[in-house]
Each structure stands twice: as C-alpha cells, then as structure tokens.
2 protein chains.
Amino acid sequence: MTHPLFHPDAEEISLPAIFTALGDETRLNIIAILARNGERAMTCGQFTQLGSKTALSYHVAKLREAGVINVRPDGTKRFLTLRRADLDNRFPGFLDSVIASASTMPLPESQPPADPAETRGETEWT
Amino acid sequence: MTHPLFHPDAEEISLPAIFTALGDETRLNIIAILARNGERAMTCGQFTQLGSKTALSYHVAKLREAGVINVRPDGTKRFLTLRRADLDNRFPGFLDSVIASASTMPLPESQPPADPAETRGETEWT
DNA sequence: TCCTTTGTTCAATGATCCTTGAACTATTGA
DNA sequence: TCAATAGTTCAAGGATCATTGAACAAAGGA
C-alpha cells in the first residue's frame with residue numbers, strides 16, 4: 001500500500017454511514033461473524049462463503065470507510081477487527097444491540113475452522 | 001385509500017431492511033423526531049423541515065415498508081408512530097440504542113409546536 | 001357545491017450501489 | 001528467481017435510489 005488505509009476518526013463516525021454500511025446482507029454477515037469470533041482478528045479469506053474475492057474487498061472497504069471495522073495490513077493479508085471501543089464510546093450500547101440482533105439471523109454457511117496462524121497475537125490489537 | 005397501507009408483520013421485519021431504511025439522513029431524522037415526541041402520533045405535515053411533500057411521502061413509505069413505523073390514515077392525514085412494541089419484541093434494546101444514538105445528531109431545524117388537535121387520542125394507538 | 005388541506009402517484013433525471021471478470025500489486029516461501 | 005497467495009483496482013453492467021414538478025385523489029369546512 002502506497003497510502004495507509006483510510007479509517008475515519010472515532011468522532012467522525014456518523015450514524016447514517018453506519019446504517020448504510022450495515023444495510024447490506026453481506027456486510028451484516030461480516031459483522032456477525034466478526035462478533036461471533038470474539039476479539040480475534042480475521043482475514044478477508046475467512047469470508048469466502050459470503051461472496052467473491054472482489055465483492056468482499058468492496059464490502060470490507062465500505063465497512064472500513066464507515067468506521068465499523070479496522071483493517072490492518074500484514075503481509076499479503078488484511079486483519080479485520082470490529083472497532084468496538086470507538087463505537088461503544090460514540091454510541092453506547094448500539095454495537096451490542098446490533099450484534100445481538102444480527103446473531104438471530106442465519107448465516108449463509110458455517111465457516112471453516114480458523115487457522116491458528118491467522119489469529120496469532122491479534123487479541124491486543126486496537 | 002382503495003388498498004389498506006401495507007405493513008410487514010412483526011416477524012417479517014428484517015434487520016438489513018431496517019438498516020437500509022435508517023441509512024438515510026431524512027429518514028433517520030423522522031425517527032429521531034418521532035422518538036422525541038414520545039408516544040404521540042405525528043403527521044407528515046410536521047416534517048416539512050426535512051424535505052418536500054413528495055420526498056416525505058417517499059421516505060415515510062420506505063420506513064413503513066421496512067416495518068419501522070406505522071401509518072394510520074385518518075381523514076386527509078396520516079398518523080405516524082414508531083412500531084416500538086414490535087421492534088422491541090423482535091430486536092430487544094435495538095430501537096432504544098438507535099434512538100439514543102440518533103438523539104445525539106443535530107436536527108435540521110426545530111419543528112413548530114404541535115397542534116393539539118393533531119395528537120388528540122393518539123397515545124393508545126398500536 | 002366549491003375550495004382548501006393533506007398526501008399520493010407518475011415519469012424523468014442523475015446518482016449511487018452491487019456484482020463480475022480481467023488485470024494488477026505486493027508479499028511470502030521454495 | 002519463480003511461483004503461489006491475498007487482496008486491490010478498473011471498467012462495464014444492470015439495479016436501485018432520491019429528488020423534482022405536475023397531475024391527481026380524498027376528505028373536510030365554508
């Protein structure tokens with residue numbers, strides 16, 4: 001990456017932008033899977049059930065630009081995490097209720113078990 | 001109205017549809033104003049600050065079709081209410097967190113004081 | 001009855017969205 | 001150095017979206 005990936009500052013995250021980002025089934029599923037995975041980071045490659053490589057890249061960018069997730073490049077991979085702290089700080093209770101509601105939705109298919117190498121050392125990332 | 005207005009059943013309300021409906025500033029403002037007004041119903045005419053007559057009709061229909069609001073025709077008016085019970089039942093805590101978050105957003109302009117005749121007897125409507 | 005109020009419908013327009021495949025970049029491992 | 005991996009970018013496509021003005025419909029009041 002010549003440019004670092006753009007992430008909005010916490011105080012710039014807007015509610016309509018979040019809703020727009022979550023108003024798509026693929027993206028809502030990404031969030032649901034991320035939440036289900038605890039604090040561990042995940043790579044785009046773990047979401048192939050949800051769409052093509054290109055589509056995922058597109059949707060992940062939307063979530064990032066809306067401020068919902070953080071994307072940290074590492075080698076050829078991108079580690080995705082929910083921006084829990086920022087969202088909780090800005091809209092307390094909102095993310096939890098979204099996750100709780102989203103977890104009642106069926107996922108397209110269960111994900112393959114995570115490769116331990118892919119989540120190593122990711123829990124302390126902010 | 002030759003047809004009664006379509007409203008999705010409570011169990012048909014989908015999360016992506018709600019997000020899509022709320023992912024527009026005009027519609028989010030409608031919700032914020034409705035919430036701020038307590039349980040009282042409001043008419044489209046009370047939202048003219050948010051857009052043209054035609055635009056409001058469009059956005060109100062979107063919110064209704066997504067299951068976020070109830071629209072009850074009465075004479076030449078339409079009384080709008082949040083579908084609090086249905087949403088709370090289906091996605092507990094979600095609406096409250098949306099309202100709490102949305103209430104931190106500035107509204108385009110303060111609404112004129114409600115005409116008492118317009119809210120008479122509306123609090124028990126479900 | 002006629003006029004006003006309130007909101008809907010329609011067609012048109014431009015914008016934005018989502019998906020696709022092909023081509024590309026960057027990094028890693030052999 | 002060469003090939004594989006992981007993901008991005010681009011252009012094109014069709015679909016949906018939001019806004020506008022003009023015409024319309026339904027109800028209520030004078």
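Atom set for the values below is all heavy atoms of this structure, side chains included, hydrogens, waters and symmetry mates excluded. Proteins come first, then strands; the chains are lettered A, B, ... in the order of their sequence lines, and each starts at number 1.
A heavy-atom distance below 4.5 Å is not found between the side chains of B:E65 and B:V60.
Residues satisfying the salt bridge (Lys or Arg N to Asp or Glu O under 4.0 Å) criterion with B:D24, sequence neighbours excluded, are absent altogether. Remark: A:F91 pairs with no residue by the ring pair (Phe, Tyr, Trp, His ring centres under 6.0 Å) rule, at least two apart or across chains. For A:S52, the side-chain contact (heavy atoms from CB on, under 4.5 Å) partners at least two apart in sequence or on another chain are A:T54, A:A55. Qualifying side-chain contact (heavy atoms from CB on, under 4.5 Å) partners for A:E11, counting only residues two or more places apart in sequence or in other chains: A:D9. Among residues two or more places apart in sequence or in another chain, the salt bridge (Lys or Arg N to Asp or Glu O under 4.0 Å) test is passed with B:R90 by none. Legend: residues meeting side-chain contact (heavy atoms from CB on, under 4.5 Å) with A:A85, ordered by chain and number and at least two apart, are absent. The side-chain contact (heavy atoms from CB on, under 4.5 Å) search around A:R64 returns A:L5, A:F6, A:H7, A:A61, A:I69, A:V71, not counting sequence neighbours.
In terms of phosphate contacts, B:K62 brings a side-chain nitrogen or oxygen within less than 4.0 Å of OP1 or OP2 of D:dC17.
Nucleotide C:dT25 holds its P atom 15 Å from the CZ atom of A:R78, rounded to whole Å. Taking atom CG on A:L63 and atom C1' on C:dC18, their separation rounds to 14 Å, with Å as the unit. When rounded to the nearest whole Å, the span between CZ of A:R72 and P of D:dA6 equals 16 Å. Atom pair B:K77:NZ and C:dT5:C1' shows a separation of 8 Å (rounding to whole Å applied). Atom pair B:E65:CD and C:dT9:C1' shows a separation of 13 Å (rounding to whole Å applied). Atom CG in A:L50 sits roughly 15 Å away from atom C1' in C:dT19 (whole-Å rounding). In this structure, CG of A:L5 is placed 12 Å from P of D:dG7, rounded to the nearest angstrom. The distance from atom CG of A:D74 to atom C1' of D:dT8 is 17 Å, rounded to the nearest whole Å.
For the atom pair CG (B:L28) and CE (B:M105), the distance works out to 5.0 Å, reported to the nearest 0.5 Å.
Within residues 16-28 of chain A, no residue has a heavy atom under 4.0 Å from DNA chain D. The stretch residues 52-60 of chain A touches DNA chain D through A:K53, A:T54, A:S57, each having a heavy atom within less than 4.0 Å of the strand.
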